[in-house]
Amino acid sequence: MALLEVTNLVARYGRITALSDVSLTVDEGEVVTLIGANGAGKTTTLRTISGLMRPASGTIRFDGRDITRVAPNEIVRAGIGHSPEGRRVFPRMTVRENLELGAYTRRAKDEIAADIERVLTIFPRLRERYAQKAGTMSGGEQQMLAIGRALMSRPRLLLLDEPSLGLSPKLVQTIFEVIRDISARGTTILLIEQNARQALAVASRGYVLEVGRIAHQGAAADLTASEVVRAAYLGGGA
Amino acid sequence: MNQLLRFVSLVAALVRTPRGRTALVCVVAIALPFVGRNDAFTNFLADAGAFVLLALGLNIVVGFAGLLDLGYAAFFAIGSYAFAMLASPQFGIHLPFWLLLFVASGIAGVFGILLGAPTLRLRGDYLAIVTLGFGEIVPQTFLNLSQWTGGPNGIGSLDQPSIGAYKFGFNALPYYFMVLGLIAFAVWVASNLRNSRLGRAWMAIREDELAAAHMGINTTTTKLAAFAMGASFSGLAGCAFASKLQLVSPDQFGFNVSVFILAMLVLGGMGNIPGVIVGSLILSALERFILPQGTNFLHGLGLNVDLTNSRFLIYGVILVMMMLFRPEGLIPSRQRKAELHAGEGDAGVAAQEQALYTEAVH
C-alpha cells in the first residue's frame with residue numbers, strides 16, 4: 001500500500017480550475033518528483049495535500065487514512081511536513097526559534113533537542129547561524145532553514161516546494177545533496193521542481209504535470225530519456 | 001550623606017538584575033500615593049491603573065498575535081456593563097465584587113470569541129475595519145437596549161467593593177491598591193502567556209500566518225484565544241473602573257477610547273509588557289495633568305490656547321513623531337525592533353550572497 005495516494009484530485013480557485021485531474025502515489029521510502037511548467041498546478045497539488053486548500057473533488061489518503069478534508073494542523077500531526085513555496089521562514093525569529101516552531105506539534109523536550117541537533121548536523125551552516133534572525137540570512141540559508149524546520153515535525157512524508165528556486169548553482173548542488181541525505185535517513189519525499197534534470201536525478205519516479213493534469217509518469221530514468229519530456233522540460237539537446 | 005550614598009548604590013544594584021527591577025517597581029508603585037499625599041493624584045493613579053489593564057489586554061491581541069483591533073473599547077464596555085448589571089439596583093442583583101471580577105472577565109472573554117469568530121478569515125486592513133465596526137455597534141447596542149441598560153443615562157449607584165467590614169467608599173486609595181493587585185496579576189498572566197506554547201503560536205501567526213499553519217498551528221483556535229484573553233483583561237478593567245466611578249454609560253466607550261488604548265501601545269512599544277505600561281501611564285498623565293496644566297500655563301502667558309480641546313491633535317502629532325523617529329516605541333520588544341530596523345543591516349548579507357553567487361558561477 002502506498003504511503004500517499006492521491007486520486008482524481010480537482011481543485012479550483014474561484015472559477016479557475018487549477019487541477020483538473022491529478023492522481024499520484026508515493027511509496028514509503030521513495031523520492032518522487034512532480035515536475036512541470038509555471039502554473040501547471042504543482043504548488044496547488046502540495047497545498048491540497050497539506051490541507052491548506054480544499055479540493056473540489058477527489059481523495060487523498062495518507063497511510064490508509066482519508067485526509068482529504070482534514071485541517072492542516074491535523075495533517076502535520078498525521079506525519080506530513082511541508083517546506084513551502086518561497087521558504088516562508090519567520091524572518092524576525094532566530095534559527096533556533098524557527099526550528100522550535102517546526103516542532104510545535106510535539107511535546108517531548110529532550111526529543112526536540114535531539115532533532116534540532118540532527119538538523120544542525122544535516123545543515124552545518126545553520127549551526128553557525130543558530131542565534132541569528134532568519135530574515136537576515138541569505139536565500140540558501142533560508143532554504144536550508146525551511147527544510148530543517150519541516151523536518152522538525154518528524155514527518156514520514158516531506159513535501160518540498162521548489163527548494164532550489166533562486167539559489168546559486170553551487171547552492172542548488174548542496175540542496176540536492178541534502179535531499180539525498182534526508183532520503184537516506186528514511187524520510188519519504190515528494191519533491192516539486194522546475195529544475196527537472198536535477199529532480200529526476202534524485203528521484204526514483206516522476207510525474208509531469210501539464211495544465212492541471214498528469215501528462216506523463218514513470219521511472220525517473222525513463223522520463224529523463226523520454227523525447228517528449230526532454231524537449232519540454234530538459235532544455236532539448238542543449 | 002553617607003546614608004544617601006548607600007541608598008543610591010542599593011538602588012543601582014537593584015536596577016542591574018531583573019528581579020531587582022521588579023522589586024523596585026513594586027516598592028515605587030506602593031509608595032506612590034503616599035508620596036503624592038494628594039487625593040487628586042491618588043484618584044489619577046487608580047484611573048490610570050484601569051487603562052494599564054486595558055493596554056495589557058489589547059497588547060495580547062495586537063502586540064502578541066498581530067491582530068489589529070480598532071474596537072477594543074467594546075470589550076471594556078461589555079466588562080463594565082456586565083459588572084453594572086450584576087452589582088446595582090438596576091435588577092436588584094448584588095453579587096459580591098470579587099466574584100464579579102471573574103464573571104465579568106469571563107463574559108468579556110466569551111464576547112471576545114463571539115466577535116472574533118466572524119473576523120478569522122480577515123487580515124490587516126479588513127480586520128481593522130470590521131473591529132472598528134464592532135467598536136461602534138456595542139456602545140450603540142447598550143444605548144438602545146434602554147430597558148436593561150438605562151439607555152443614555154447608563155446604570156448608576158453601582159456597588160462598591162469591600163473587604164470584610166471595610167468598605168472602599170469614595171476614597172481612591174483602596175481602589176488604587178486593588179487595581180495595582182489586578183495589574184500585577186495581569187502582568188503575571190501576560191508574561192506567562194508570552195513564553196508559553198500559545199504565546200509562540202501567536203508570534204508565529206503575527207509573523208506569517210500561512211507559515212504558522214504549515215507548522216501545525218491551529219490558526220483558528222489560536223486567534224480566538226488571543227481575542228478571548230485580550231477581552232477578559234478588559235473585564236477586570238471594567239469592574240475596577242465602573243466600581244470606582246459608580247456609573248457606566250454608553251459614551252464612556254467610544255472610538256476615541258479604542259484609539260487612546262492603541263496609542264498607548266504604539267507609544268510604549270507594542271508587544272512589550274513594560275513598554276505598554278509606560279506608554280499607558282504617559283498618555284493618562286498627559287490627559288489628566290500635562291494638558292490642563294499646560295493650558296493654565298499658556299493662559300498665564302496671555303495665550304488663549306486650550307490644549308485639552310486639541311488633545312487628539314496632540315496625540316496625533318505624538319504618534320506621527322513616534323512613527324518617524326522611534327517606530328518600535330519607547331521600550332520596544334526585541335522582535336519589533338528587529339522588524340522595524342530590518343534592512344539597515346542587510347547590506348552585508350546581500351554582499352555576501354553576491355559573493356557566493358560569483359564564486360559559484362566562476
Side-chain angles (χ1 to χ4, degrees), chain A residues 46-47 50-53 71-94 97-107 129 132-142 146 149-150 152-153 155 159 161 166-174, chain B residues 63-64 66 120-121 194-223 225 270-271 328 332-362:
Chain A
L46 285 204
R47 286 172 55 84
S50 27
L52 294 162
M53 191 172 162
N73 56 308
E74 288 302 320
I75 290 179
V76 175
R77 268 172 224 279
I80 300 183
H82 189 162
S83 165
E85 183 186 29
R87 304 164 197 141
R88 301 199 89 122
V89 294
F90 298 108
R92 274 84 77 177
M93 296 189 188
T94 64
E97 288 165 328
N98 268 276
L99 292 177
E100 283 172 350
L101 272 167
Y104 184 78
T105 52
R106 300 169 50 201
R107 302 258 179 189
R129 299 273 182 262
Q132 192 174 325
K133 294 268 184 321
T136 66
M137 302 197 307
S138 73
E141 289 163 347
Q142 289 189 21
R149 190 179 60 175
M152 287 301 296
S153 66
L159 308 178
D161 195 338
L167 299 186
S168 68
K170 194 174 178 182
L171 280 171
V172 171
Q173 281 310 324
T174 313
Chain B
F64 290 176
L120 284 172
R121 287 171 173 278
R194 191 190 187 288
N195 299 322
S196 69
R197 221 170 106 79
L198 183 59
R200 286 189 293 138
W202 283 336
M203 285 172 223
I205 288 179
R206 188 183 78 197
E207 295 247 312
D208 188 334
E209 193 173 334
L210 187 70
H214 275 110
M215 301 301 102
I217 292 169
N218 183 335
T219 53
T220 307
T221 54
T222 307
K223 280 157 81 177
M270 231 176 246
E328 66 272 28
S333 74
R334 191 171 56 88
Q335 278 176 359
R336 281 276 158 180
K337 199 170 173 180
E339 174 179 338
L340 289 158
H341 289 285
E344 288 168 17
D346 279 3
V349 176
Q352 192 188 339
E353 189 146 276
Q354 182 59 42
L356 270 174
Y357 180 74
T358 324
E359 180 192 339
V361 171
H362 297 290

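Letters go in sequence order (proteins before strands), and every chain restarts at 1.
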Option that, when pairs with chain B are counted at under 4.5 Å, heavy atom only, ranks first among A:S153, A:P91, A:A150
A:P91

Region of A:Q173 that comes under 4.5 Å of a non-hydrogen atom in chain B
neither

Measure the CZ-OG1 distance between B:R121 and B:T219 for me, rounded to the nearest 0.5 Å.
9.5 Å

Please look at A:R106 and chain B and tell me whether the side chain, the backbone, both or neither of the residue comes under 4.5 angstrom of a heavy atom of that chain.
backbone

Go through A:R149 and B:M215 one step at a time and tell me if the side chain to side chain contact (heavy atoms under 4.5 Å, CB included) criterion holds.
CA-CA 8 Å; A:R149 190 179 60 175; B:M215 301 301 102; 3.3 Å; yes

For chain B, which candidate among A:G102, A:P72, A:P84 shows the most heavy-atom pairs at distances under 4.5 Å?
A:P84

Could you tell me the separation between the CZ atom of B:R197 and the CZ atom of A:R107, rounded to the nearest 0.5 Å?
4.0 Å

From CG (B:D208) to CZ (A:R92), nearest 0.5 Å:
9.0 Å

In Å and rounded to the nearest 0.5 Å, what is the CG to OH distance from B:N218 to A:Y104?
8.0 Å

For A:L101, which atoms come within 4.5 Å of any heavy atom of chain B: side chain, backbone, both, or neither?
both

